Amino acid sequence: MWLHADACWGLMCAFTDELTAKLDGIADFDSITVDPHKVMDIPYAMSALLVREPAALRMVSSYSDLIMQEDYAFGQVTPFIGTKEWSSLKPWAMMLAHGRDGLAEMMRKRLITTRTFAGLVDANPRLLRLNDPDMTAVVFLYLPQGTDRARPDVERINAINKGIHQRILDEGRWHFHQFSLPDDTGRLAQDAVLHPLRFMGNNQRITEAHMRDALDYINGIGRQLETTR
Ligand SMILES: *Cc1c(COP(=O)(O)O)cnc(C)c1O
């Protein structure tokens with residue numbers, strides 16, 4: 001069986017000794033995708049597919065109506081894209097400028113940023129953190145005043161968090177990502193589908209003042225919304 005690792009973000013575990021243990025066993029995989037444009041501070045797009053035995057790729061080639069037959073689908077021509085820009089120049093120049101030590105230092109700062117943010121969430125009684133960050137993502141919910149943690153009103157909590165996200169998009173002052181996920185660790189309600197917000201600690205320009213301001217902003221919107229929902 002072909003074993004593939006989607007390491008789009010996971011690539012950053014290779015930058016620092018603190019995280020390399022998470023990559024144990026990856027050498028046994030047949031292919032790995034990595035996204036330097038996400039984790040190496042270089043412009044979109046720079047993705048790579050690393051293949052242990054390139055010749056074996058033939059075994060997983062396939063034909064799909066969905067991608068190949070649409071009138072304007074790029075899938076008709078990839079991987080034979082033809083002339084394109086010198087994409088590999090971006091990671092090469094990045095590595096040359098920063099070196100391994102530079103990447104390790106970049107990750108050290110990101111982990112500090114992530115831990116700082118997680119600490120600010122934990123210190124805020126209106127916010128509930130849903131994950132223990134393994135890399136740089138912190139997932140959290142706003143809880144309306146008076147939430148009974150033993151019997152939470154999940155529907156209302158989701159509605160308010162979706163409302164917060166919509167305001168974030170409308171106002172464009174800060175950005176947090178939102179998605180749905182089952183509460184598989186039971187931090188709020190075991191297996192309920194939640195709509196939390198997600199912070200990413202990768203941007204080296206993020207300061208503690210930014211994080212405090214962004215969380216105050218979320219709290220302010222949450223308080224406004226809980227009076228109407
Ligand atoms: C971002 C991401 C993708 C898509 O990668 P792009 O090259 O940015 O389109 C796929 N898988 C995972 C896990 C990702 O985080």
Side-chain angles (χ1 to χ4, degrees), residues 1-16 18-52 54 57 60-62 64 66-68 70 72-95 98 103 106-107 109-111 113-115 117-118 129-141 161 165 168-169 174-185 193-206:
M1 187 162 62
W2 190 272
L3 198 55
H4 176 76
D6 184 341
C8 286
W9 290 103
L11 169 63
M12 63 185 158
C13 293
F15 301 165
T16 170
E18 209 177 319
L19 297 179
T20 43
K22 295 187 189 301
L23 299 175
D24 285 353
I26 204 164
D28 295 333
F29 282 60
D30 296 294
S31 57
I32 303 167
T33 35
V34 294
D35 264 357
H37 65 231
K38 287 184 176 163
V39 299
M40 289 177 74
D41 281 5
I42 55 179
Y44 191 81
M46 177 58 234
S47 302
L49 172 68
L50 311 176
V51 185
R52 196 152 55 106
L57 256 190
V60 295
S61 69
S62 70
S64 151
L66 177 69
I67 298 190
M68 312 291 215
E70 290 167 345
Y72 299 105
F74 284 128
Q76 291 174 47
V77 288
T78 53
F80 305 107
I81 298 168
T83 306
K84 58 177 184 175
E85 79 282 10
W86 182 10
S87 320
S88 54
L89 180 63
K90 292 188 279 189
W92 180 80
M94 196 284 175
M95 284 301 298
H98 294 263
L103 285 172
M106 192 167 92
M107 275 312 296
K109 285 187 188 150
R110 287 173 176 173
L111 293 175
T113 300
T114 306
R115 280 164 203 157
F117 189 84
R129 182 160 57 88
L130 298 179
N131 74 320
D132 295 324
D134 52 357
M135 293 190 287
T136 56
V138 181
V139 184
F140 64 102
L141 278 171
N161 281 274
H165 186 244
I168 286 173
L169 295 181
W174 295 111
H175 184 71
F176 288 86
H177 183 216
Q178 184 166 63
F179 49 81
S180 63
L181 92 173
D183 186 6
D184 55 3
T185 56
V193 174
L194 305 176
H195 291 260
L197 299 162
R198 182 189 68 172
F199 167 86
M200 296 295 291
N202 291 308
N203 185 339
Q204 294 192 65
R205 292 187 182 146
I206 299 173

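Indexing begins at 1, ligand by ligand and atom by atom, following the structure's order. Fair warning: this is a prediction, and the values are worked out from it, not measured in the lab.
- From F140, atom CZ reaches atom CZ of R198 across 11.0 Å, with rounding to the nearest 0.5 Å.
- For ligand 1, the atoms sitting less than 4.0 Å from at least one non-hydrogen atom of S47 are 7 (O), numbered in the order shown with element in parentheses.
- The ligand atoms of ligand 1 that sit less than 4.0 angstrom from a heavy atom of C8 are 2 (C), 3 (C), 10 (C), 11 (N), 12 (C), 14 (C), 15 (O).
- In terms of protein heavy-atom proximity, atom 9 (O) of ligand 1 is closest to Y44 OH, 4.1 Å.
- Salt-bridge check for R110 with D41: passed, with a basic side-chain N closer than 4.0 Å to an acidic carboxylate O.
- Of all protein heavy atoms, the one closest to atom 2 (C) of ligand 1 is K38 NZ, 2.3 Å.
- Note that CE of M200 is 12.0 Å distant from CZ of F117, once rounded to the nearest 0.5 Å.
- Distance from atom 11 (N) of ligand 1 to its nearest protein heavy atom, with residue and atom name: D6 OD2, 2.7 Å.
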- request: Kindly determine whether L19 and L111 satisfy side chain to side chain contact (heavy atoms under 4.5 Å, CB included), including the steps that lead there.
  value: CA-CA 10 Å; L19 297 179; L111 293 175; 4.2 Å; yes
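- With hydrogens left out, the protein atom closest to atom 8 (O) of ligand 1 is H37 NE2, 2.9 Å, a heavy atom.
- Ligand-side atoms of ligand 1 in range of W9: 15 (O), range being under 4.0 angstrom from any heavy atom.
- At the top of the distance list for atom 6 (P) of ligand 1, counting protein heavy atoms only, stands D35 OD2, 3.3 Å.
- Within a 6.0 Å radius of CH2 in W92, no more than 12 heavy atoms belonging to other residues, nucleotides or ligands are found.
- With a 4.5 Å cut-off on side-chain heavy atoms, T20 and K22 do not count as touching.
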